[in-house]
Colleague: 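Okay, handing you the structure first.
Below, chains carry the letters A, B, ... as their sequence lines are ordered, and counting in each starts from 1.
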Number of protein chains: 2
Amino acid sequence: MNQRAKTYRKLHDIPEEWGTAVNVQAMVFGNMGNDCATGVAFTRNPSNGAKDFYGEFLVNAQGEDVVAGIRTPQELTIKARKSHGSDLPSLEEVMPSIFRELETVRHQLENHYRDMQDIEFTIQQGKLYMLQTRTGKRTAHAALQIAVDMANEGLISKSQALMRLKPDLIDQLLHPTLDPKAKKTVIAKGLPASPGAAAGKVVFSADEAVTRSENGDKVILVRIETSPDDIHGLHAAEGVLTTRGGMTSHAAVVARGMGRPCVAGAGEVKVNYSSASFEVGDVVVREGQLITIDGVTGQVMLGEVPTVPPQLSGAFGTIMSWADEFRSMQVRANAETPADARQAKEFGCEGIGLVRTEHMFFEGGRIVAMRQMILASDKTDRQAALDKLLAMQREDITELFQIMDGLPVTVRLLDPPLHEFIPHTEAEMGLVAKAAGVPLDRVRRRASELQEANPMLGHRGCRLAITYPEICEMQARAIFEAAAEVGRSAKKTPVAEVMVPLVSTLEELVQLKKVIEATAQQVQKEQGVNFTYRVGTMVELPRAALQAGRLAEQAEFFSFGTNDLTQTTYGLSRDDAGAFLPEYKAKGIVEQDPFVSLDQ
Amino acid sequence: MNQRAKTYRKLHDIPEEWGTAVNVQAMVFGNMGNDCATGVAFTRNPSNGAKDFYGEFLVNAQGEDVVAGIRTPQELTIKARKSHGSDLPSLEEVMPSIFRELETVRHQLENHYRDMQDIEFTIQQGKLYMLQTRTGKRTAHAALQIAVDMANEGLISKSQALMRLKPDLIDQLLHPTLDPKAKKTVIAKGLPASPGAAAGKVVFSADEAVTRSENGDKVILVRIETSPDDIHGLHAAEGVLTTRGGMTSHAAVVARGMGRPCVAGAGEVKVNYSSASFEVGDVVVREGQLITIDGVTGQVMLGEVPTVPPQLSGAFGTIMSWADEFRSMQVRANAETPADARQAKEFGCEGIGLVRTEHMFFEGGRIVAMRQMILASDKTDRQAALDKLLAMQREDITELFQIMDGLPVTVRLLDPPLHEFIPHTEAEMGLVAKAAGVPLDRVRRRASELQEANPMLGHRGCRLAITYPEICEMQARAIFEAAAEVGRSAKKTPVAEVMVPLVSTLEELVQLKKVIEATAQQVQKEQGVNFTYRVGTMVELPRAALQAGRLAEQAEFFSFGTNDLTQTTYGLSRDDAGAFLPEYKAKGIVEQDPFVSLDQ
């Protein structure tokens with residue numbers, strides 16, 4: 001076996017000891033004269049899925065001549081010849097009876113394999129020989145079209161059509177893709193972390209992304225890694241490129257949530273924030289230069305490569321309606337912003353399964369109120385800040401209830417550790433001190449107090465609600481006041497679900513449920529409006545999973561936080577695993593990134 | 001109920017709704033003349049446990065007069081009067097028949113309750129009345145003596161004697177304690193993190209601790225918190241005081257391991273490294289001033305308070321031999337240093353259950369070689385550093401095998417993340433660069449590369465052995481060469497157990513076991529000596545616990561890493577839990593620190 005065969009076998013997990021099969025067969029010749037020819041064909045168009053016979057041939061030639069590209073091949077059909085404006089006659093014209101025979105074979109093969117075929121044929125002195133047939137590769141659009149058409153033709157069932165479309169293919173269809181005809185100068189490759197292609201001017205900070213995008217520029221945010229502080233920048237950018245982190249890094253998760261293309265962990269790209277530039281080998285790209293990223297392949301390209309917008313054509317709608325016939329699972333959205341909620345509603349979501357309230361606290365003036373709350377030296381100060389937050393949070397959630405129009409909305413209580421809201425550089429701390437109206441020294445002290453050795457396992461989730469019950473009360477009140485307000489005017493009663501995060505012990509849930517229920521009853525009394533509410537929790541720690549039976553006595557619903565559950569079950573930090581996980585895969589210790597696959 | 005009653009009930013978990021019992025009974029008077037008296041007594045000496053009737057009385061007085069301390073009370077026995085050199089006659093002399101009656105009661109009560117009693121009595125006009133009896137409080141030494149004596153007297157069984165001695169009492173007996181008669185100026189209180197009392201001059205750095213102790217000073221190391229970098233200082237100090245961290249903080253764990261007293265998390269103590277002083281309220285203590293710490297009470301005292309050395313008297317030996325009769329569990333030591341191993345052997349350990357190899361890499365020249373290994377730019381450089389470490393590690397382990405003399409020694413492969421070996425301040429990095437002979441920039445870059453968001457869940461444990469198999473090989477070789485060397489000369493064959501830490505998936509163990517076994521066979525071949533070895537793992541991640549059945553097919557032994565297991569099961573960082581765990585206890589969410597108690 002040559003190296004290529006070995007590599008191929010390795011890639012496809014075929015052991016070497018299986019040996020090699022050898023077929024012995026008579027050869028046919030397409031190059032014995034002008035009554036000979038050879039060609040390749042797809043039984044349908046592999047580019048757009050149209051039910052056209054698609055391919056090329058050469059008279060008096062062998063297969064390699066077609067591939068080599070020395071002679072210009074001819075089209076198979078008159079239709080194709082005309083549409084390509086070719087001067088050379090088609091097979092349909094040159095050898096009409098052979099063409100009809102080939103057409104028959106085309107239908108036979110499709111009927112037999114019930115899928116689009118990629119075939120090779122040779123004509124030797126007026127006789128057609130089929131050399132090979134295999135299922136043909138196709139674009140995402142073609143795959144969709146072919147699956148729907150074949151089901152409509154009765155070749156396959158609707159459920160077969162559905163099963164042929166892998167989830168990531170559907171994802172690709174929802175995003176702009178690179179124009180396949182465009183030229184590309186690929187300078188680096190990272191992980192394909194969020195699908196879609198985007199072009200824009202390079203910026204290196206979230207603030208710069210916002211400023212430039214407000215001036216009408218399209219920008220690509222390039223960061224070593226991103227944090228919740230960068231949310232506004234991720235939102236303003238067309239796409240994100242990071243040099244660290246994997247498929248489940250902050251940038252990747254947020255970008256997917258926002259539908260922004262993302263290339264993550266492009267290690268060759270060396271970002272230099274101080275000179276506002278990045279290097280890849282000899283190439284230096286400065287702030288403001290155009291690049292294009294492709295979140296499907298992970299490629300990073302110089303300049304602007306044209307893209308094709310997503311076409312949610314008829315076939316897409318058809319396949320979605322078939323999916324609805326078969327599925328047994330309901331689908332809810334992850335959404336915090338009205339824009340996301342509206343889009344999810346358009347896509348047919350059956351409610352919001354997760355509103356991460358902390359995302360509401362990072363934007364604009366909110367982070368100031370949040371920081372005032374964190375920096376408050378006593379309960380009175382904290383309450384003043386909480387009152388400001390209450391108004392903002394109520395407004396946000398009101399809008400979500402309105403958009404969801406009677407569908408359930410699950411709001412998760414504050415989850416991240418408080419230090420995520422406080423900056424860590426002196427300059428930024430100075431700004432915070434000024435904005436929050438407290439001495440710089442208090443900001444510094446509080447930041448140092450809140451610092452944690454392992455924030456993932458720290459003072460976060462419901463632990464915040466336990467130690468600061470006033471935050472829990474404020475959030476519950478915001479949710480229920482919003483539900484009451486919407487309930488008063490809307491036709492459909494809002495359904496408010498309050499999710500207590502990071503529960504590890506029943507008593508946490510018991511105590512917080514009391515606070516939440518008391519608040520609900522108070523709001524119902526104050527406002528004289530009824531609304532439906534439920535209190536549940538997220539199972540995201542091994543102990544919660546092990547005690548799920550007991551938690552279920554108190555929780556009215558469960559969510560699974562598979563990310564944190566994977567982190568704690570494996571003792572594996574999502575942010576740090578990049579240092580060894582690639583080697584773990586290469587050595588066969590894990591088959592797949594544990595954050596991507598379900599454990600057995 | 002008054003506040004005191006309420007607090008008492010709260011402390012002892014007695015619900016308020018149980019109400020209060022009221023006893024109605026006739027009163028007797030000890031103050032009706034000189035044929036009256038009142039007194040308190042212990043049936044044995046509560047201070048040293050001697051079988052002496054111990055107590056005091058006053059003629060013509062009520063109980064409160066004894067307690068009030070206005071009149072000087074008289075002794076009960078002639079023996080006690082003589083030994084205290086008292087002029088006042090004893091009860092034995094003043095009221096001989098009453099005394100004999102009281103002696104009879106003393107024996108009756110001990111025979112009935114089968115424990116030392118604390119009694120109150122009154123004599124009214126020549127008649128003895130018993131007011132109260134209860135089991136008497138006693139010192140650790142007295143508890144031990146009384147338990148052994150009562151078993152020898154046949155009052156209780158040996159197993160009852162054993163069960164009366166709580167583990168922390170045994171721990172106290174092994175350490176110096178404060179002289180109960182000494183005066184104390186308590187300035188602060190922290191957590192009683194490691195038992196024993198110690199006095200010494202305050203130092204604020206590990207290096208200073210070493211320097212001063214080499215000059216013959218006794219020192220107390222005072223730190224905000226300690227890290228593995230401080231090991232040499234912890235070792236040089238008489239005791240440790242930290243202002244952050246709990247019962248399972250680094251300082252507490254290491255101090256307990258070393259048998260050093262430790263007061264941890266004394267939050268009132270504000271350490272200022274730059275001025276080499278600490279403050280508690282108005283008190284300022286500077287480097288070199290004397291303080292005393294008590295790891296049993298958590299007290300911090302000014303000046304040197306005299307201590308009493310541990311007395312492992314006959315009773316201690318007796319109780320230990322009884323424990324050996326009953327116990328079904330074997331006991332092995334945690335030990336890395338020859339001194340610790342020797343002490344453990346003296347205490348009767350049945351092997352070493354955990355040698356943390358990383359502790360061997362922090363001392364003296366070793367950290368330089370370790371850093372060279374980490375900073376190596378290629379395999380050749382790394383191998384050169386590893387060769388140096390091999391020699392050191394082999395030497396250490398050889399000594400442990402020699403000391404253990406045929407008892408098994410479990411050596412855990414390198415566990416902490418590599419960044420723990422690299423300093424993080426510029427100045428220290430400069431020193432490292434110089435010592436390791438590499439450019440400062442490489443140290444800086446490597447330190448930043450190795451930095452982790454959640455080191456507890458990061459690139460550590462067997463993940464290091466997988467990504468740097470040469471480290472695993474070096475360690476296995478050191479262990480087996482040591483075993484071979486000792487096996488050649490010693491009468492008893494050394495038993496080497498190699499422990500693979502932080503396993504989350506079977507394949508990690510499979511691959512590393514191959515490396516370790518191959519190394520063992522190679523060493524046996526090279527040296528022509530046989531030794532017994534086993535390869536096992538530590539179950540310290542939820543996934544390992546859940547997959548223990550499968551791991552057991554490969555592991556020849558298991559250890560339980562309850563600290564990491566608690567951290568990951570609860571999603572609770574030991575270093576950060578201090579911020580909310582006290583409130584969790586106060587609110588009854590957890591009954592005990594999860595790191596101290598076993599989960600149900």
Colleague: For each of B:Ile466, B:Asp564, B:Leu541, tally heavy-atom pairs with chain A at distances under 4.5 Å, and name the one with the top tally.
Modeller: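 Result: the option with the highest number of such pairs is B:Ile466.
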Colleague: For the pair A:Glu449 and A:Arg446, evaluate salt bridge (charged side-chain N to carboxylate O under 4.0 Å, His left out) and give the outcome as yes or no after the intermediate values.
Modeller: CA-CA 5 Å; A:Glu449 274 173 16; A:Arg446 194 84 177 109; 3.0 Å; yes
Colleague: Go through A:Val590, A:Ile589, A:Leu450, A:Leu502 and name the one with the most non-hydrogen pairs under 4.5 angstrom from chain B.
Modeller: A:Ile589
Colleague: Please state whether the rings of A:Phe421 and A:Phe362 are parallel, tilted or perpendicular, taking 30° and 60° as the class boundaries.
Modeller: parallel
Colleague: Counting only heavy atoms closer than 4.5 Å, note whether B:Glu583 contacts chain A via side chain, backbone, both or neither.
Modeller: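 Just its side chain gets close to chain A.
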Colleague: Which atoms of B:Gln511 come close to chain A, meaning under 4.5 Å heavy atom to heavy atom: side chain ones, backbone ones, both, or neither?
Modeller: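 Side chain only.
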Colleague: Go through A:Leu546, A:Val503, A:Thr568 and name the one with the most non-hydrogen pairs under 4.5 angstrom from chain B.
Modeller: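 Maximum pair count with chain B is reached by A:Thr568.
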Colleague: Select one option (side chain, backbone, both, neither) describing which atoms of A:Thr505 are under 4.5 Å from chain B's heavy atoms.
Modeller: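 The answer is the side chain of A:Thr505.
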Colleague: Between B:Pro469 and chain A, with a heavy-atom cut-off of 4.5 Å, which part of the residue counts as in contact: side chain, backbone, both or neither?
Modeller: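 Side chain only.
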Colleague: When only pairs under 4.5 Å are counted, which of B:Gly458, B:Ser504, B:Gly571 shares the most heavy-atom pairs with chain A?
Modeller: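 Among the listed options, the one with the most contacts to chain A is B:Gly571.
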Colleague: Sequence neighbours left out, what passes side chain to side chain contact (heavy atoms under 4.5 Å, CB included) with B:Ala453? Give chain and number order.
Modeller: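 If we apply the side chain to side chain contact (heavy atoms under 4.5 Å, CB included) test to B:Ala453, skipping adjacent residues, the hits are A:Asp575, A:Asp576.
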Colleague: Donor-acceptor pair, A:Arg442 side chain versus A:Leu375 backbone, under 3.5 Å?
Modeller: yes
Colleague: Assign the ring pair A:Tyr468 / A:His459 to parallel, tilted or perpendicular, where the plane angle (0 to 90°) is split at 30° and 60°.
Modeller: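 Because their plane-to-plane angle is under 30°, the rings of A:Tyr468 and A:His459 count as parallel.
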Colleague: Can you confirm whether the side chains of B:Glu452 and B:His419 place a donor and an acceptor under 3.5 Å from each other?
Modeller: yes
Colleague: Main chain of A:Ser573, side chain of B:Asn454: is a donor-acceptor contact present, judged purely on distance under 3.5 Å?
Modeller: no
Colleague: Please state whether the side chain, the backbone, both or neither of A:Ala579 comes within less than 4.5 Å of a heavy atom of chain B.
Modeller: both
